[in-house]
Amino acid sequence: MKKEELGELILASEDAMYHVAKTLLYSDADCADAIQEAIVKAFSKLYTLKKDAYAKTWLMRILINECYGVMRREKRVVFLEDYRQEEKAEEQKDYSELYEAIYRLSEEMRLSVTLYYLDGYSVREIATMMETTESAVKNRLARARQRLRNELAERAAQ
């Protein structure tokens, strides 16, 4: 793959990259940082891509790794401004019940749901990105659907 083709792939994958980053990271600034770092790494490590057909999966895996890196760095620091923004967000309740329920899922289930339902990746592609088996992805999706169904049914009953 040439650098021009990678650039076109990145432009075509903007929304998907944002969805993946937002699934793992809370702050838009952190999402932007992770996406930028992933793009830089993709261009510098383009020679490691073995098959052009897997370029998008390869790019998303780089992004996921960058998101985990941001999470490790941010885990140690809690800014007062971020804490206050979280309180304001909780007071406003802008988010739909489904979005809130998805956000309460475990990280692995949340990422699987986002990649499968929002970004349209296949189970096989998700397994490759998350470095796990296809059956593990299927199980995560099934458990996530069941938890979402139960939680939303409980909220509807209230």
Side-chain angles (χ1 to χ4, degrees), residues 1 3-46 48-49 54-132 136-137 140-141 143-145 147-152 155:
M1 175 174 272
K3 289 187 177 187
E4 293 82 18
E5 293 171 325
L6 178 60
E8 291 172 10
L9 174 67
I10 290 169
L11 290 174
S13 304
E14 280 182 36
D15 289 339
M17 291 177 77
Y18 178 75
H19 285 182
V20 169
K22 191 64 175 174
T23 298
L24 294 171
L25 303 171
Y26 181 76
S27 163
D28 284 336
D30 288 342
C31 291
D33 289 345
I35 291 169
Q36 288 174 353
E37 287 298 319
I39 290 169
V40 169
K41 280 195 179 174
F43 275 107
S44 66
K45 302 287 185 178
L46 185 58
T48 64
L49 178 62
Y54 298 115
K56 192 168 182 181
T57 303
W58 173 78
L59 179 62
M60 291 302 168
R61 184 69 227 167
I62 293 172
L63 176 60
I64 290 168
N65 288 337
E66 285 303 314
C67 289
Y68 286 145
V70 169
M71 290 167 62
R72 279 191 300 275
R73 287 188 296 274
E74 294 294 321
K75 188 183 282 187
R76 294 175 247 149
V77 179
V78 177
F79 296 103
L80 183 58
E81 292 174 4
D82 291 342
Y83 180 74
R84 288 184 182 156
Q85 285 178 351
E86 287 177 24
E87 286 180 344
K88 287 179 185 176
E90 288 176 14
E91 291 172 8
Q92 292 174 354
K93 296 289 183 187
D94 298 357
Y95 306 111
S96 70
E97 291 179 14
L98 177 61
Y99 182 77
E100 288 177 4
I102 290 171
Y103 197 74
R104 282 191 288 275
L105 292 172
S106 72
E107 184 179 300
E108 290 175 335
M109 281 194 267
R110 190 171 62 236
L111 185 58
S112 297
V113 166
T114 301
L115 289 170
Y116 188 77
Y117 290 107
L118 296 179
D119 295 331
Y121 285 100
S122 69
V123 170
R124 175 174 283 160
E125 291 171 322
I126 296 169
T128 302
M129 282 184 239
M130 296 181 74
E131 298 176 342
T132 189
V137 173
R140 288 175 188 159
L141 288 170
R143 284 194 315 264
R145 282 191 299 268
R147 286 186 186 167
L148 291 171
R149 189 177 300 120
N150 291 343
E151 187 171 331
L152 295 174
R155 285 182 173 248

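Nothing fancy with the numbering, it's 1 onward along the sequence.
- Put simply, CG on Asp33 and CG on Leu25 are 9.0 Å apart, with the number rounded to the nearest 0.5 Å.
- Contact detail for Ala101 and Leu152: the closest heavy-atom pair is CB-CD2, 4.3 Å.
- A 6.0 Å sphere centred on CZ of Arg155 holds more than 12 heavy atoms belonging to other residues, nucleotides or ligands.
- Within 6.0 Å of atom CZ in Phe43, more than 12 heavy atoms from other residues, nucleotides or ligands are found, so the atom counts as buried in its surroundings.
- Distance check, rounded to the nearest 0.5 Å: CZ of Arg147 to CZ of Arg104 gives 12.5 Å.
- A 4.5 Å side-chain heavy-atom check between Glu14 and Met17 finds every atom pair outside the cut-off.
- Contact detail for Glu108 and Met130: the closest heavy-atom pair is O-CE, 3.8 Å.
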Start with the C-alpha gap between Leu63 and Tyr18, add the side-chain angles, then the distance that decides, and say whether side chain to side chain contact (heavy atoms under 4.5 Å, CB included) holds.
CA-CA 10 Å; Leu63 176 60; Tyr18 178 75; over 6 Å; no
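- Atom NZ of Lys41 sits in a sparse spot, with 12 or fewer heavy atoms from other residues, nucleotides or ligands closer than 6.0 Å.
- Proximity of Ile62 to Glu37: side-chain heavy atoms (C-beta onward) are nowhere separated by under 4.5 Å.
- Pairing each heavy atom of Trp58 with each of Lys45, the nearest pair is CZ2-O, 3.4 Å.
- Note: Thr128 OG1 to Met60 CE = 13.5 Å, rounded to the nearest 0.5 Å.
- When all heavy atoms of Val113 and Ala144 are compared, the pair lying nearest together is CG2-CB, 3.5 Å.
- The side chain to side chain donor-acceptor pair (under 3.5 Å) search around Asn65 returns Arg61, not counting sequence neighbours.
- Formation of a donor-acceptor pair under 3.5 Å by the Ser13 side chain with backbone atoms of Ile10 is not found in this model.
- What you find for Tyr121 and Ile126 is that their closest heavy atoms are CB-CG1, 3.8 Å.
- With values rounded to the nearest 0.5 angstrom, His19 atom NE2 is found 8.5 Å from Thr114 atom OG1.
- Residue Ile39 holds its CD1 atom at 10.0 Å from CG of Leu9, rounded to the nearest 0.5 Å.
- Residue Cys31 holds its SG atom at 11.5 Å from CD of Gln36, rounded to the nearest 0.5 Å.
- Not one N or O on the side chain of Arg110 forms a donor-acceptor pair closer than 3.5 Å with the backbone of Ile102.
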Go through Val70 and Glu66 one step at a time and tell me if the side chain to side chain contact (heavy atoms under 4.5 Å, CB included) criterion holds.
CA-CA 6 Å; Val70 169; Glu66 285 303 314; 5.6 Å; no
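- Taking both residues in full, the closest heavy atoms of Leu49 and Ala55 are given as CD2-CB, 3.8 Å, listed atom of the first, atom of the second, then distance.
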